[in-house]
Amino acid sequence: MLTRARELLGCHLVGHGATVMITEVEAYDGVNDPASHAFTRTPRSEIMYGPPMRLYVYRLHGHHCANVVTGPTESASAVLIRAGRIVDGVDTARERRLSARDDDALARGPGNLTQALGITIEDLGTDLRDPSPVTLRPAGAAIDAARILSGPRVGVRRAAEQPWRFWLADEPSVSAYRRHPRAGEANSSSSTSSSNS
DNA sequence: GTTTAGATCAACT
DNA sequence: GTTGATCTAAACG
């Protein structure tokens, strides 16, 4: 599972006229991962239980995040594409990401990456192997294992201690680690029904 | 029960 | 100012 995530580093993700080289990913281990949307099997997460090499897109803060279903079919494993470096279609990416000041920030962060590639909820379930607006291509050159770093995932509350984030050293497009404010807290559902004073 | 839309807020640039 | 596998609430089946 973690190997799949590492293998995605350096691959080219083509989306609606723009191409990025993946530089940062996070692995999500489906049924065994509380942070995964597939932790509970629902019709919505069914896509991740399906065949690999498909796209799972979900909405977050009004933006979108893109995942690659990696399989095997029953484990619902998926890899979140967190960041990438634009290698083609820079003009298109810039038009979509007007707020980005530097080219390195065009696809820095999952929401920005999907926006730069024009990936929306309509691309959900796209087969990345078929010729489609969104395609995943193998890495042009093998990535040196020494360049791959790992660490805890960004912004997750559940299972925040799992070092399932991988990124390429020497890449300015990789975002910095940010811990979730409430990560590790006890799940105290007991609402302290704080009546107004 | 699940899904979608909007709010929230700390860390980043 | 921007971003975001969070959080809550409302709509749906």
Side-chain angles (χ1 to χ4, degrees), chain A residues 1-2 4-5 8 13 20 22-50 54-70 75-86 93-125 150-167 171-194:
Chain A
M1 194 271 289
L2 300 179
R4 298 292 184 207
L8 281 175
L13 184 62
V20 299
I22 300 173
T23 59
E24 181 183 4
V25 297
E26 280 179 4
Y28 285 86
D29 192 19
V31 291
N32 299 320
D33 187 358
S36 173
H37 291 170
F39 185 61
T40 50
R41 187 165 188 165
T42 63
R44 210 46 175 169
S45 61
E46 187 68 23
I47 171 89
M48 289 192 275
Y49 289 80
R54 291 210 176 177
L55 196 65
Y56 169 59
V57 183
Y58 68 96
R59 188 181 145 281
L60 180 69
H61 293 58
H63 300 100
H64 295 95
C65 292
N67 298 250
V68 175
V69 180
T70 58
S75 64
S77 299
V79 174
L80 168 68
I81 309 301
R82 276 200 63 86
R85 183 174 198 192
I86 305 291
R94 281 178 183 163
E95 300 234 349
R96 298 196 182 116
R97 295 270 301 114
L98 267 52
S99 62
R101 297 181 299 277
D102 300 329
D103 287 354
D104 295 333
L106 283 175
R108 171 192 281 175
N112 293 332
L113 182 136
T114 54
Q115 189 176 355
L117 295 182
I119 295 177
T120 65
I121 216 69
E122 298 181 4
D123 297 313
L124 194 150
S150 64
R153 292 177 291 186
V154 174
V156 298
R157 181 179 181 187
R158 306 291 179 184
E161 71 282 359
Q162 298 293 353
W164 289 347
R165 172 171 172 252
F166 302 94
W167 67 94
E171 274 292 341
S173 60
V174 175
S175 55
Y177 171 57
R178 181 195 300 176
R179 190 174 179 275
H180 192 274
R182 292 201 240 167
E185 282 188 2
N187 185 9
S188 61
S189 304
S190 60
S191 60
T192 59
S193 59
S194 60

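Numbers restart at 1 for each chain; the letters A, B, ... are given by sequence-line order, proteins then strands.
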Suppose we define a pair by two distances each less than 3.5 Å, Watson-Crick or G-U wobble; what does dA5(C) pair with here? none
Could you give the CZ-to-P distance, from R101(A) to dT2(C), as a whole number of Å? 9 Å
Using a cut-off of 4.0 Å on non-hydrogen atoms, how would the nucleic acid contact of R182(A) be classed: base, sugar-phosphate, or nothing? sugar-phosphate
Sort out for me which residue in V25(A), V174(A), V154(A) forms a side-chain contact (heavy atoms from CB on, under 4.5 Å) with R82(A). V154(A)
Strictly below 4.0 Å: does S99(A) bring a side-chain N or O up to OP1 or OP2 of dT3(C)? yes
Other residues, nucleotides and ligands only: do more than 12 of their heavy atoms fall within 6.0 Å of CD on E161(A)? yes
Distance in angstrom units between D104(A) CG and dT13(B) C1', rounded: 12 Å
Watson-Crick or G-U wobble partner for dT8(B), using a 3.5 Å limit on both distances? none
Within 6.0 Å of CD in E46(A), more than 12 heavy atoms from elsewhere: yes
Please determine whether a side-chain nitrogen or oxygen atom of R108(A) lies at a distance below 4.0 Å from atom OP1 or OP2 of dT13(B). yes
Does Y28(A) stack onto the base of dA5(C), taking stacking as ring centres under 5.5 Å apart and planes under 30° apart? no
Test side chain to side chain contact (heavy atoms under 4.5 Å, CB included) applied to Y28(A) and H37(A), step by step: CA-CA 9 Å; Y28(A) 285 86; H37(A) 291 170; over 6 Å; no
So for atom CZ, which belongs to R97(A), do other residues, nucleotides or ligands contribute more than 12 heavy atoms lying within a distance under 6.0 Å? yes
Specify the separation, in whole Å, of atom CD of E24(A) and atom P of dT3(C). 15 Å
Suppose you measure atom C1' in dA5(C) against the same atom in dT13(B); what distance do you get, rounded to whole Å? 22 Å
Once you apply a heavy-atom cut-off of 4.0 Å, does R44(A) come out as touching a base, just sugar-phosphate, or nothing? sugar-phosphate
Nearest heavy atom decides the nucleotide; on that basis, is T42(A) or P181(A) closer to the 5' end of DNA chain B? T42(A)
Roughly how many Å is it from OH in Y56(A) to C1' in dA5(C), rounded to a whole number? 9 Å
The side chain of R97(A) lies closest to which of these nucleotides: dT13(B), dT3(C), dA5(C)? dT3(C)
Rounded to whole angstrom units, what separation is found between the NE2 atom of H61(A) and the P atom of dT8(C)? 13 Å
Worked check of side chain to side chain contact (heavy atoms under 4.5 Å, CB included) between L2(A) and F166(A): CA-CA 9 Å; L2(A) 300 179; F166(A) 302 94; 4.0 Å; yes
Rounded interatomic separation in angstrom, taking NE2 from H37(A) and C1' from dT2(B): 13 Å
Atom-to-atom span, CZ of R165(A) to P of dG4(C) - whole angstrom: 13 Å
Between atom NE2 in H180(A) and atom C1' in dC9(B), what is the gap in whole Å? 10 Å
How is Y177(A) classified with respect to the nucleic acid when contacts are heavy atoms under 4.0 Å: base, sugar-phosphate, or nothing? sugar-phosphate
Side-chain atoms of P110(A) come closest, of dT3(C), dT3(B), dA5(C), to dA5(C)
Determine: side-chain N/O of N112(A) to OP1/OP2 of dT2(C), distance under 4.0 Å, yes or no. no
I'd like to know if R59(A) reaches the base of dG6(B) with its side chain such that a donor and an acceptor end up less than 3.5 angstrom apart. yes
Could you check whether D102(A) gets within reach of a base, just the sugar-phosphate, or nothing at all, counting any heavy atom under 4.0 Å? nothing
How would you label the contact of R41(A) with the nucleic acid (heavy atoms, under 4.0 Å): base, sugar-phosphate, or nothing? nothing
